[in-house]
Trainee: 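Before I ask anything, here is the structure I am working with.
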Amino acid sequence: MNKALWSKKALAIPACAAIVIGGMTLVASPANADPADLKVTSQSVAGRVLTVQGQGTAGEYIQLDDDVRGTRHTIGTDGSWTITYTIPGTDTAQHTYTIEQVLPSGLNQDGETTVTAAAQPTTPAFAITSHTVSGRTVTVSGTGNPDNTVQIDPQSAPIVRHQIAADGSWSFTFQIPGTDTDTHQYTVLEEDNNFRVQAQGSFTAAAEAATPASQFSLTSPKNGSTVASRTVTYTGTGTPGDLVNVLDASGNRAAPQVLVAADGTWTTTGTFSDSAATVQNLSVNQIGGAQGQGEVDFTITLPAVAVTPGGGTGTQPGTGTGTGTGTGTGAATGTAAGTTGTTAGTTAATGTTPGAPALPVVSG
């Protein structure tokens, strides 16, 4: 039924008046009780639920004007009634509510009264809603009872308690002690003013590895060290995103230019030629947003170039047509044989130098 048919605001019918609706004749009966019978005996609010109790005329209807459909019901035989109404919205401001008593016909109002009430602030349940880590600093946030405080456990002394805000939110930071980057469990305690734990929750976090953002360095090879190969790998630390150069004594790159990685480390590898000097005076530097943060000069000793043994061996007799013979001994790595004699035997050779000359032929 439309509220206009039984609300005082839409319809006021004199006693015994008749109206025709949809072909049906409705007759309003006169009030059978003094409106003064309607009264409120108690009211209360729990959260956003308003409860009103009172007395009225048995058999008539009682209703809350703001929610007729949800609250309208018949007053009991003892004249008592109870209305329960959930205050909509989220505000906690005071509002006035009208309670109406309506005749059994549902057409005439038989008195009204008002109550004023405000919804209670909702007490959020305790919860950890987020946590982040920057370096060794942890920021943790959540919700809880504004009457209480929160603190981290365990933590280094002194213990710091943080008041939960009026809207039920809280947030604080703390430092992870020590130097490790292991994962640890932390507990947030909600406590009342007497330090009694009312609720708690846990989370895990690990400190971030320290980034040497402003410390350019060479970690290997060490200054003055002897390296195992003419291919050398250089490593160090620096500012993420900056360029690193490895230069020889003439200012030429001894390895490809490289960017410092996000974790603050860098590495690059270069190879020296066989003709490069054994002792190398080198330097590394950083170029970029942190330009000028440092240059490291250092010296390394390269291994000598390996020598391949020669292939010549033994002696070879001459093949001349003369009567003389000759033999010669050459260098250890030679490849040529001795020359052939014309009147004497040819010389033999085992190296690159010719053999000793053949003895002259003596006639007669």
Side-chain angles (χ1 to χ4, degrees), residues 1-13 28-29 31-127 129 141-150 163-171 190-194 196 198-199:
M1 179 182 294
N2 191 290
K3 181 180 177 182
L5 298 180
W6 30 258
S7 171
K8 74 176 182 65
K9 291 181 175 58
L11 181 65
I13 304 175
S29 302
N32 60 3
D34 189 330
D37 288 347
L38 176 65
K39 61 182 178 181
V40 173
T41 57
S42 69
Q43 71 178 75
S44 62
V45 178
R48 304 197 69 84
V49 178
L50 169 64
T51 302
V52 184
Q53 294 181 320
Q55 289 290 317
T57 303
E60 295 190 352
Y61 292 114
I62 195 73
Q63 63 193 37
L64 187 71
D65 189 51
D66 289 67
D67 184 19
V68 173
R69 293 185 181 277
T71 62
R72 184 175 184 178
H73 64 280
T74 303
I75 299 173
T77 56
D78 62 353
S80 63
W81 53 265
T82 300
I83 287 178
T84 301
Y85 172 63
T86 300
I87 300 173
T90 59
D91 71 89
T92 57
Q94 291 278 347
H95 295 282
T96 298
Y97 303 93
T98 300
I99 296 174
E100 299 173 331
Q101 181 172 270
V102 180
L103 294 174
S105 63
L107 299 177
N108 275 17
Q109 185 197 83
D110 191 21
E112 69 176 32
T113 188
T114 60
V115 295
T116 300
Q120 294 178 329
T122 302
T123 301
F126 176 81
T129 56
S141 303
T143 59
N145 187 337
D147 295 333
N148 297 333
T149 60
V150 288
Q163 184 67 47
I164 300 175
D167 64 357
S169 65
W170 55 264
S171 181
E190 179 181 349
E191 300 175 334
D192 63 17
N193 291 329
N194 293 316
R196 293 174 299 196
Q198 304 299 303

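Any value given below was found using the heavy atoms of this structure, including those in side chains, with hydrogens, waters and symmetry copies removed.
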Trainee: Taking only distance into account, with no hydrogens and no angle test, what donor-acceptor pairs under 3.5 Å do side-chain atoms of residues 116-126 form with protein atoms, sequence neighbours excluded?
Mentor:
{"from": "T116", "atom 1": "OG1", "to": "T96", "atom 2": "OG1", "distance (Å)": "3.4"}
{"from": "Q120", "atom 1": "OE1", "to": "G47", "atom 2": "N", "distance (Å)": "2.8"}
{"from": "Q120", "atom 1": "NE2", "to": "V45", "atom 2": "O", "distance (Å)": "3.2"}

Trainee: Could you check whether any side-chain N or O of Q55 sits under 3.5 Å from a backbone N or O of D37, counting only pairs where one atom can act as donor and the other as acceptor?
Mentor: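 The answer is no, because no donor-acceptor pair under 3.5 Å joins these two groups.
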Trainee: Under 3.5 Å, is there a donor on one side chain and an acceptor on the other for S42 and Q53?
Mentor: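 A donor-acceptor contact under 3.5 Å links the two side chains.
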Trainee: Without swapping roles, check the side chain of R48 against the backbone of D91 for a donor-acceptor pair under 3.5 Å.
Mentor: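 Yes, because the side chain of R48 sits within donor-acceptor range (under 3.5 Å) of the backbone of D91.
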Trainee: For I99, which of T114, T71, I62 qualifies under side chain to side chain contact (heavy atoms under 4.5 Å, CB included)?
Mentor: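 Of all the options given, the one that passes is I62.
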Trainee: Hey, could you give me the OG1/CG distance between T84 and L50, rounded to the nearest 0.5 Å?
Mentor: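 One finds 8.0 Å between OG1 of T84 and CG of L50.
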Trainee: So, do W81 and V40 sit near enough that their side-chain heavy atoms are less than 4.5 Å apart?
Mentor: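 Yes; the side chains approach each other to less than 4.5 Å.
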Trainee: For the residue pair I83 and D67, establish whether any side-chain heavy-atom pair is separated by less than 4.5 Å.
Mentor: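 They are not in side-chain contact.
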Trainee: When you measure from the side chain of T113 to the backbone N and O of K39, does any donor-acceptor pair fall under 3.5 Å?
Mentor: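 Here the side-chain-to-backbone pair does not exist.
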Trainee: Any chance the side chains of Q198 and E190 put a donor and an acceptor closer than 3.5 Å?
Mentor: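 No - no donor-acceptor pair under 3.5 Å links their side chains.
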Trainee: What pairs with N194 under side chain to side chain contact (heavy atoms under 4.5 Å, CB included), at least two apart in sequence or on another chain?
Mentor: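 With neighbours one apart ignored, the set is D192, R196.
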Trainee: Does D78 have more than 12 heavy atoms from other residues, nucleotides or ligands lying within 6.0 Å of its CG?
Mentor: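 Count over threshold, so yes.
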Trainee: From D147 CG over to I164 CD1, what is the distance, rounded to the nearest 0.5 angstrom?
Mentor: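 So the CG of D147 and the CD1 of I164 are separated by 8.5 Å.
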Trainee: V52 versus Y85: any side-chain heavy-atom pair under 4.5 Å?
Mentor: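 Heavy-atom side-chain distance check fails, nothing below 4.5 Å.
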Trainee: Decide yes or no for Q101 and T57: does some side-chain heavy atom of the first lie under 4.5 Å from some side-chain heavy atom of the second?
Mentor: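 The answer is yes, as the side chains (C-beta and beyond) meet within the 4.5 Å cut-off.
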Trainee: Given 3.5 Å as the limit, does a donor-acceptor pair link the side chain of Q43 with the main chain of T51, or not?
Mentor: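 The answer is no, because no donor-acceptor pair under 3.5 Å joins these two groups.
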Trainee: So, for N108 and S105, which heavy atoms are closest and what is the spacing to 0.1 Å?
Mentor: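 Distance-wise, the nearest heavy atoms are N-OG, 4.3 Å.
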Trainee: Roughly how far, to the nearest 0.5 Å, is the CG atom of D66 from the NE2 atom of H95?
Mentor: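 Taking NE2 in H95 and CG in D66, the distance rounds to 9.5 Å.
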Trainee: Just verifying a value: how many Å separate L64 CG and E100 CD, rounded to the nearest 0.5 Å?
Mentor: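 Here the interatomic distance stands at 8.5 Å.
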Trainee: If you take all heavy atoms of T143 and W170, which pair is closest and at what distance?
Mentor: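 So the minimum-distance heavy-atom pair works out to O-NE1, 2.9 Å.
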Trainee: At their closest point, which heavy atom of A165 faces which heavy atom of P146, and how far apart are they?
Mentor: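 Closest heavy-atom pair between A165 and P146: O-CB, 3.3 Å.
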